[in-house]
J.: 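The following block contains the structure, expressed as structure tokens.
Only heavy atoms go into these numbers, but all of them, side chains included; no hydrogens, no water, no symmetry mates.
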Amino acid sequence: MTTPEPLPTRPAATVMLVRDAPTGLNVFLMRRHSKMEFAPGVIVFPGGGVDDRDRNADIAWAGPSPHWWAQRFGVDTELSAALVCAAARETFEESGVLFAGPAGQSLSAPEGIVRDASVYADARRALDDRTLSFADFLRTENLVLRSDLLRPWANWVTPEAERTRRYDTYFFVAALPEGQRADGQNTESDRSGWASPQDAIADFEAGRNILLPPTWTQLDSLAGRSVADVLAVERQIRPVQPLLEKRGDNWVFEFFDSDRYHQARKAGGSMEWPL
């Protein structure tokens with residue numbers, strides 16, 4: 001039997017939104033609707049595919065340049081700019097958190113970051129239904145994208161054996177801007193909230209949630225850190241593409257830390273794939 005050609009990958013951006021809590025760092029998580037075609041019921045961070053309008057966008061920008069991001073992610077400047085734009089847009093659409101500030105303000109000034117993003121609720125809905133581009137939204141509101149509020153963290157590629165869709169996903173991390181709140185009001189998830197990485201991993205081991213390898217691995221990398229620790233890390237970004245292979249009636253992921261992942265997966269009883 002001839003092995004089919006792998007599906008092409010689509011670039012995507014996802015953001016681990018973090019904040020300090022009395023018990024340690026918390027991260028904002030969402031559960032995808034059970035009727036979603038791809039990865040239903042899975043716990044995810046805000047994010048999604050790069051939109052055509054994220055590319056070559058005449059976007060107001062403050063902070064590290066596309067060239068800086070291109071060097072960190074190992075991509076060209078056009079794609080790096082689109083990834084940062086997609087990261088900011090998707091986070092706003094899916095959680096209501098906006099990495100932007102008034103044009104002309106100093107990056108170090110407290111008033112340089114939006115404090116109440118809820119005033120842009122109409123624009124958020126228009127972004128979600130694709131009747132408004134992120135660049136046009138910023139331009140209309142005289143805002144600039146604050147790329148300095150984001151940090152590069154990881155790059156995962158969907159296994160070649162996946163026959164539904166494949167992504168080349170770039171992970172960012174960002175602290176919740178002061179005064180803003182994450183609400184998770186979007187059309188793709190049915191539950192959202194803040195949790196410690198350790199608790200999310202423990203829920204997976206107890207069978208109370210579903211974590212795919214990229215999410216499990218990033219949560220594991222955040223565990224035990226503070227927001228200041230996370231923002232100070234300079235990550236070496238290397239692409240990770242797990243192997244997804246059939247073993248009996250089951251599909252199994254293989255990657256650099258898959259033994260620990262499968263121990264947790266087995267403990268929670270979540271051994272079937274696709275979900």
Side-chain angles (χ1 to χ4, degrees), residues 11-21 24-30 43-48 50 54 59-66 68-70 72-73 80-102 105 107-110 112-118 120 124 127 134 137-138 143-156 169-184 186 189 192-197 200 214-215 217-223 225-235 237:
T14 191
V15 178
M16 299 184 293
L17 193 61
V18 297
R19 70 179 186 184
D20 283 321
L25 178 146
N26 279 4
V27 60
F28 185 74
L29 299 170
M30 307 182 305
I43 300 297
V44 296
F45 309 110
V50 170
D54 296 325
I59 194 165
W61 189 291
S65 69
W68 184 93
W69 285 97
R72 269 61 182 182
F73 279 138
S80 71
L83 287 167
V84 174
C85 183
R89 175 183 56 76
E90 288 281 352
T91 302
F92 183 45
E93 289 178 15
E94 296 191 348
S95 75
V97 172
L98 181 59
F99 304 121
Q105 291 286 350
L107 297 186
S108 61
I113 304 174
V114 169
R115 293 300 185 99
D116 180 9
S118 67
Y120 304 116
R124 180 182 173 188
L127 286 165
F134 196 58
F137 160 60
L138 294 178
L143 297 172
V144 296
L145 187 158
R146 290 287 303 268
S147 74
D148 60 309
L149 301 180
L150 294 156
R151 300 287 190 279
W153 197 259
N155 174 208
W156 281 63
T169 303
Y170 293 82
F171 286 79
F172 298 75
V173 67
L176 177 69
E178 185 177 351
Q180 294 195 37
R181 60 182 297 270
D183 58 30
N186 60 72
S189 63
S192 65
W194 294 91
S196 73
T215 308
T217 303
Q218 306 325 311
L219 289 169
D220 189 56
S221 72
L222 295 176
R225 301 178 186 262
S226 67
V227 170
D229 292 336
V230 167
L231 298 183
V233 171
E234 293 189 12
R235 298 269 287 186
I237 311 299

J.: Restricting to side-chain contact (heavy atoms from CB on, under 4.5 Å), what partner residues turn up for Ala182, sequence neighbours left out?
T.: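 Ala182 satisfies side-chain contact (heavy atoms from CB on, under 4.5 Å) with Leu17, Phe28, Ser95, Val97, Trp194 once adjacent residues are dropped.
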J.: Is there side-chain contact between Gln218 and Thr14, with heavy atoms separated by less than 4.5 Å?
T.: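 Side chain of Gln218 against side chain of Thr14, heavy atoms only: no contact under 4.5 Å found.
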J.: Test side-chain contact (heavy atoms from CB on, under 4.5 Å) on Val230 and Met16; report intermediate values, then the result.
T.: CA-CA 11 Å; Val230 167; Met16 299 184 293; over 6 Å; no
J.: Verify whether one side chain among Trp153 and Ser221 offers a donor that lies under 3.5 Å from an acceptor in the other.
T.: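 Per modelled atom types, Trp153 and Ser221 side chains form a pair under 3.5 Å.
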J.: Please report whether the ring centroid of Phe92 lies less than 6.0 Å from that of Phe137.
T.: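 Under 6.0 Å, so yes.
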J.: Return the CZ to CZ distance between Arg89 and Arg124, rounded to the nearest 0.5 Å.
T.: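 With rounding to 0.5 Å, CZ (Arg89) is 13.0 Å from CZ (Arg124).
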J.: How many angstroms lie between atom CG of Leu138 and atom CD1 of Ile59, to the nearest 0.5 angstrom?
T.: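 With rounding to 0.5 Å, CG (Leu138) is 5.0 Å from CD1 (Ile59).
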J.: Applying salt bridge (charged side-chain N to carboxylate O under 4.0 Å, His left out), name anything that partners Arg151, two or more places apart in sequence or on another chain.
T.: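 Expected list: none.
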J.: Which residues pass the side-chain contact (heavy atoms from CB on, under 4.5 Å) test with Ala223, sequence neighbours left out?
T.: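 Per chain and number, Ala223 pairs via side-chain contact (heavy atoms from CB on, under 4.5 Å) with Pro197, Gln198.
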J.: Does any non-hydrogen side-chain atom of Val114 lie less than 4.5 Å from one of Gln180?
T.: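 Gln180 vs Val114: side chains touch.
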J.: Could you report the tightest heavy-atom contact between Ala87 and Ala13, atom names first, then the distance?
T.: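 For Ala87 versus Ala13, the nearest heavy atoms are N-CB, 3.7 Å.
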J.: What residues, two or more places apart in sequence or in another chain, satisfy salt bridge (charged side-chain N to carboxylate O under 4.0 Å, His left out) together with Asp229?
T.: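 Expected list: none.
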J.: Going by side chain to side chain donor-acceptor pair (under 3.5 Å), name the residues that satisfy it together with Asn155, two or more places apart in sequence or in a different chain.
T.: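 Asn155 satisfies side chain to side chain donor-acceptor pair (under 3.5 Å) with Asp168 only.
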J.: Looking only at heavy atoms, which two atoms of Leu107 and Ala62 are closest? And how far apart?
T.: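 Minimum heavy-atom contact is CD2-CB, 3.6 Å.
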J.: If you compare all heavy atoms of Pro102 against all heavy atoms of Val144, which two are closest, and at what distance to 0.1 Å?
T.: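 Looking at all heavy atoms of both residues, the closest pair is O-CG2, 4.3 Å.
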J.: Does any non-hydrogen side-chain atom of Pro64 lie less than 4.5 Å from one of Trp69?
T.: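 A side-chain contact exists here, since the closest heavy-atom pair is under 4.5 Å.
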J.: Tell me the closest heavy-atom pair linking Phe134 and Cys85, and the distance in Å.
T.: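 Of all heavy-atom pairs spanning Phe134 and Cys85, the closest is CD2-SG, 3.9 Å.
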J.: Name all residues meeting the salt bridge (charged side-chain N to carboxylate O under 4.0 Å, His left out) criterion together with Glu234; count only those two or more places apart in sequence or in a different chain, and write none if there are none.
T.: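 With sequence neighbours excluded, Glu234 shows a salt bridge (charged side-chain N to carboxylate O under 4.0 Å, His left out) to no residue whatsoever.
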J.: For Arg72, what residues pass the side chain to side chain donor-acceptor pair (under 3.5 Å) criterion, not counting sequence neighbours?
T.: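 Side chain to side chain donor-acceptor pair (under 3.5 Å) list for Arg72, sorted by chain: empty.
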J.: In sequence, state the C-alpha distance, the side-chain angles, and the governing distance for Leu143 and Leu98, and then conclude on side-chain contact (heavy atoms from CB on, under 4.5 Å).
T.: CA-CA 10 Å; Leu143 297 172; Leu98 181 59; 4.2 Å; yes
J.: Can you name the closest pair of heavy atoms from Ala86 and Asp54 and give their distance?
T.: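 Reported closest heavy-atom pair: CB-OD2, 3.5 Å.
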J.: Would you please name every residue forming a ring-ring contact (aromatic ring centres under 6.0 Å, His included) with Phe99, sequence neighbours left out?
T.: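 So Phe99 forms no ring-ring contact (aromatic ring centres under 6.0 Å, His included) with any residue.
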J.: Contact between Phe73 and Ser80 at the side-chain level, heavy atoms closer than 4.5 Å - yes or no?
T.: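 The answer is no; the side chains never approach within 4.5 Å.
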J.: Among residues at least two apart in sequence or on other chains, which ones pass salt bridge (charged side-chain N to carboxylate O under 4.0 Å, His left out) with Arg146?
T.: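 In terms of salt bridge (charged side-chain N to carboxylate O under 4.0 Å, His left out), with neighbours along the sequence ignored, Arg146 is linked to Asp148.
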J.: Okay, side chain of Gln105, backbone of Ile113: is any donor-acceptor separation there less than 3.5 Å?
T.: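 Looks like no, no N/O pair under 3.5 Å.
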J.: Under the side-chain contact (heavy atoms from CB on, under 4.5 Å) criterion, do Leu25 and Ser226 qualify, and how do the steps go?
T.: CA-CA 5 Å; Leu25 178 146; Ser226 67; 5.7 Å; no
J.: Applying side chain to side chain donor-acceptor pair (under 3.5 Å), name anything that partners Ser192, two or more places apart in sequence or on another chain.
T.: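 Here no residue qualifies.
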J.: Restricting to ring-ring contact (aromatic ring centres under 6.0 Å, His included), what partner residues turn up for Phe45, sequence neighbours left out?
T.: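 Counting only residues at least two positions away or on another chain, Phe45 forms no ring-ring contact (aromatic ring centres under 6.0 Å, His included).
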J.: Could you state the interatomic distance from OG (Ser147) to CG (Leu83), rounded to the nearest 0.5 Å?
T.: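 Output value for this atom pair is 13.0 Å.
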J.: Output, in order, the C-alpha distance, side-chain angles, deciding distance and verdict of side-chain contact (heavy atoms from CB on, under 4.5 Å) for Val173 and Arg235.
T.: CA-CA 11 Å; Val173 67; Arg235 298 269 287 186; over 6 Å; no
J.: Supply the atom-to-atom distance Ile43 CD1 to Leu219 CG, rounded to the nearest 0.5 angstrom.
T.: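 Result: 9.5 Å between the selected atoms.
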J.: Only counting residues at least two apart or in another chain, list the ones meeting side chain to side chain donor-acceptor pair (under 3.5 Å) with Thr217.
T.: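 With neighbours one apart ignored, the set is empty.
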